[in-house]
**Student:** 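So that we are looking at the same thing, I have put the structure below in structure tokens.
So that the names make sense, note that chain A is the first sequence line, chain B the second, and so on, each numbered from 1. All values derive from a computational prediction rather than experimental measurement.
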Number of protein chains: 2
Amino acid sequence: MNQKINNLTLKMLAKQLGLSVSTISKAIRDSHEISDTTKKRVNELVQKLNYIPNPYASSLGSRNSKTIGVVIPEVVDSFFAKAINGIESIAQENGYHVLIYLTHESIEKEKQILKDFESGRVDGVLLSVSRETCSHSHINILMNKGVPLVFFDRVVDEVKASKVVTNDYESAYKATELLIKNGCKQILFLSFLNTLAISNKRLNGYKNALLDNRLAFIEKNILTFQNDSKKDYLLLKKKLNLTKRADGVIASVEKLALPVYQACEELRLNIPGDVQVIGFSNLDTAAFLNPPLTTITQPAFEIGKTAAALLVKALGRKKIELANEEIIIPSTLVLRRSTSL
Amino acid sequence: MNQKINNLTLKMLAKQLGLSVSTISKAIRDSHEISDTTKKRVNELVQKLNYIPNPYASSLGSRNSKTIGVVIPEVVDSFFAKAINGIESIAQENGYHVLIYLTHESIEKEKQILKDFESGRVDGVLLSVSRETCSHSHINILMNKGVPLVFFDRVVDEVKASKVVTNDYESAYKATELLIKNGCKQILFLSFLNTLAISNKRLNGYKNALLDNRLAFIEKNILTFQNDSKKDYLLLKKKLNLTKRADGVIASVEKLALPVYQACEELRLNIPGDVQVIGFSNLDTAAFLNPPLTTITQPAFEIGKTAAALLVKALGRKKIELANEEIIIPSTLVLRRSTSL
DNA sequence: TTGAAAGCGCTAACAG
DNA sequence: CTGTTAGCGCTTTCAA
């Protein structure tokens, strides 16, 4: 269907050099079975004619595609964007190609994508699950088909696999503790509706920090946002406007920090005077918000890079095997003016 | 090398149904040559056995891969992240897969990537060139090989191809005019070192707005940043600290808005009282910066989406042809408090 | 409407 | 060290 220009093939090279196709093939891949002289002859012709092998033919023969599939919820999110950067750096370095798929937080899309991967389209998968992902059979099915998979950031605890994460529990604990030390009595915890392990860990960190500091854990101080619902925003505003008003907020998701700022602005509440705020975020602009936002900053690039490295290393082995290890790369608490000094 | 699980093949299906491989193949692709009854039989078995075709074998046979290559400078940039979103939406909708490549602003990498595309790895390319891209033979070579390519945002004027851009000249003109109307006399224009057409257009908009308003165009008011150099930042600071200090700044690139804020903070200059600032930016946080940043906001999602749509439409045709049209989707000037009212 | 046969361009034993 | 022989799994004429 494509009017593709007659691309050079191994066969043509073979004819030109009076060698066999397989010799050329091996020479190009620098096989030890081939003499240096013929390698040189071959490479010269390859250069001269600008021969570029057909990757799909190679894949078919060798049963691997030199490509990895990256499945993430969003790309407009500084965490994921930076993680992709890390992934790409490793891929690039090792001659892998990167197929990107966005689930937009939909488990249906996630299933669809993983199912497609059963085709052998990718040699391995890097996955950060959607908020909707509660069941995980689709992940197991793929892995059982022999497709290596490494989770990063948003992992599923129940699935046995290699995982690269950050210390969500501790970070949330520290964040909460900071607010408490700073005198907050009513601390809101904002998150999106989901069953993500990562959310739970953050929530538990928050909860335990409260309890360890003899503060009540109040169910109603957990605000669970639906996607972009106005209602949730109004609830947040209400919480910040009661007589016994919330005086601290932890936005456990990057996107939820801004609504807090917005609400405070509309209510003419001072941050950090009236309300102190901490956000889980990789925003480069955090330092320039009004006021600068104290953040839990995840090592996004490193997480992506490490996950990719794990996968690529495994793919390089004769017998592919991931150790099912969990690598934890700690986040950093960056103090700024949204929490009082 | 891969211990891939014995994947189902057409041959196996054929045997089970007592049909030929080609019949199955056609049935699966819903060919009109196949009777409805056999189509049904085939599809039932396909469902039951969960048959998934090998994409690389298909590619080899059909000479197209159903994947597009997206080449961009960075992904940690809200413009590109949003553009990817647009691209992905179209790809997804049309059954295309998306390979992502980052040049990190290096023309060498860009060349390497485009050269790889000569292999037939992708059916078409979406390209936003690196800052270093001055020559463009690598792009022409690829196109001459018959690989369809659509530029988006950062185009190369000299190359004939379809392009999706925004109105950079007008936007910069409007931005400059706004500052002038607001009383600015010394307006800095910040950009990165490059020969990008897009930069030139913005610069010209700035220049002409000055001239049309009887203000001098001063070469030294153009600050050209190298990548992350401290020196440039210091120069910016100096410009903001002269007796005849700059009183307006246009950051013609998203990344350069923050240094301005930083410099003003360090110099204790008030925005917009002492200096008014406008940034070309898609930052969601713009509204929450201190003060909220007036921006030229590009239609990132639409640009990506439109470029992808153009490409995909062309790929769907028997005889692939792009009309070499240039589609312009206008940006929006969003007034916020970094420019006085 | 179906099927046989000939590839697509490359890899991979295995011989020589 | 090089070549021969089979495929990889699918698409595509072209006959039947």
**Student:** Using 4.0 Å as the upper bound for N to carboxylate O, is an ion pair formed by A:Arg121 and A:Asp116?
**Tutor:** yes
**Student:** Under 6.0 Å between ring centres, would you say that holds for B:Phe79 and B:Phe301?
**Tutor:** no
**Student:** If I take atom NZ in residue B:Lys11 and atom P in nucleotide D:dT11, what distance separates them, rounded to the nearest angstrom?
**Tutor:** 15 Å
**Student:** What is the distance, rounded to the nearest whole Å, between atom NZ of B:Lys26 and atom P of D:dC14?
**Tutor:** 12 Å
**Student:** Could you check how far OH of A:Tyr56 sits from P of C:dG7, rounded to whole Å?
**Tutor:** 24 Å
**Student:** Please check the phosphate of D:dG3 (OP1 and OP2 only) for any side-chain N or O of A:Thr23 closer than 4.0 Å.
**Tutor:** yes
**Student:** Output, in order, the C-alpha distance, side-chain angles, deciding distance and verdict of side chain to side chain donor-acceptor pair (under 3.5 Å) for B:Glu118 and A:Asn50.
**Tutor:** CA-CA 10 Å; B:Glu118 292 178 28; A:Asn50 186 31; 3.2 Å; yes
**Student:** Among C:dC10, D:dT11, D:dG3, which nucleotide has an atom closest to any side-chain atom of A:Leu19?
**Tutor:** D:dG3
**Student:** Does B:Ser22 make a side-chain donor-acceptor contact with the base of C:dA4, cut-off 3.5 Å?
**Tutor:** yes
**Student:** Return the value, rounded to whole Å, for the distance between atom CD1 of A:Ile24 and atom P of D:dT2.
**Tutor:** 10 Å
**Student:** Are OP1 or OP2 of C:dT11 and a side-chain N or O of A:Ser25 less than 4.0 angstrom apart?
**Tutor:** yes
**Student:** Any heavy-atom pair between the side chains of A:Lys109 and B:Gln92 that's under 4.5 Å?
**Tutor:** yes
**Student:** Just the rounded figure in Å: distance from P of D:dT2 to CG of A:Leu17.
**Tutor:** 11 Å
**Student:** Can you check the A:Lys15 NZ to D:dT2 P distance for me, whole Å?
**Tutor:** 21 Å
**Student:** Does C:dG9 have its OP1 or OP2 closer than 4.0 Å to a side-chain nitrogen or oxygen of B:Arg63?
**Tutor:** yes
**Student:** Quick one: B:Leu10 CG to D:dC8 P, roughly how many Å, whole number?
**Tutor:** 12 Å
**Student:** Just how far, in rounded Å, is P of C:dT11 from CG of A:Leu13?
**Tutor:** 12 Å
**Student:** Name the one of A:Thr195, A:Ile107, A:Asn140 that satisfies side chain to side chain contact (heavy atoms under 4.5 Å, CB included) with A:Ser135?
**Tutor:** A:Ile107
**Student:** A:Ser65 vs A:Asp123, test: side chain to side chain donor-acceptor pair (under 3.5 Å). Steps then yes/no.
**Tutor:** CA-CA 6 Å; A:Ser65 61; A:Asp123 292 346; 2.9 Å; yes
**Student:** Once the angle between the rings of B:Phe80 and B:Phe152 is folded into 0 to 90°, is it parallel (under 30°), tilted (30 to 60°) or perpendicular (over 60°)?
**Tutor:** perpendicular
**Student:** Between B:Arg131 and B:Glu74 (salt bridge meaning N to carboxylate O under 4.0 Å), is one present in this structure?
**Tutor:** no
**Student:** In residues 27-52 of chain B, which residues come under 4.0 Å of DNA chain D by heavy atom?
**Tutor:** B:Arg29, B:Tyr51
**Student:** How far does the helix from C:dT1-D:dA16 to C:dG16-D:dC1 bend, going by the axes of its first and last five pairs, to the nearest 10°?
**Tutor:** 30°
**Student:** Between C:dG3, C:dG9, D:dT12, which one does the side chain of A:Thr9 approach most closely?
**Tutor:** C:dG9
**Student:** Taking NZ, NE, NH1 and NH2 as the nitrogens, is one of them in B:Lys163 or B:Glu326 under 4.0 Å from a carboxylate oxygen of the other?
**Tutor:** no
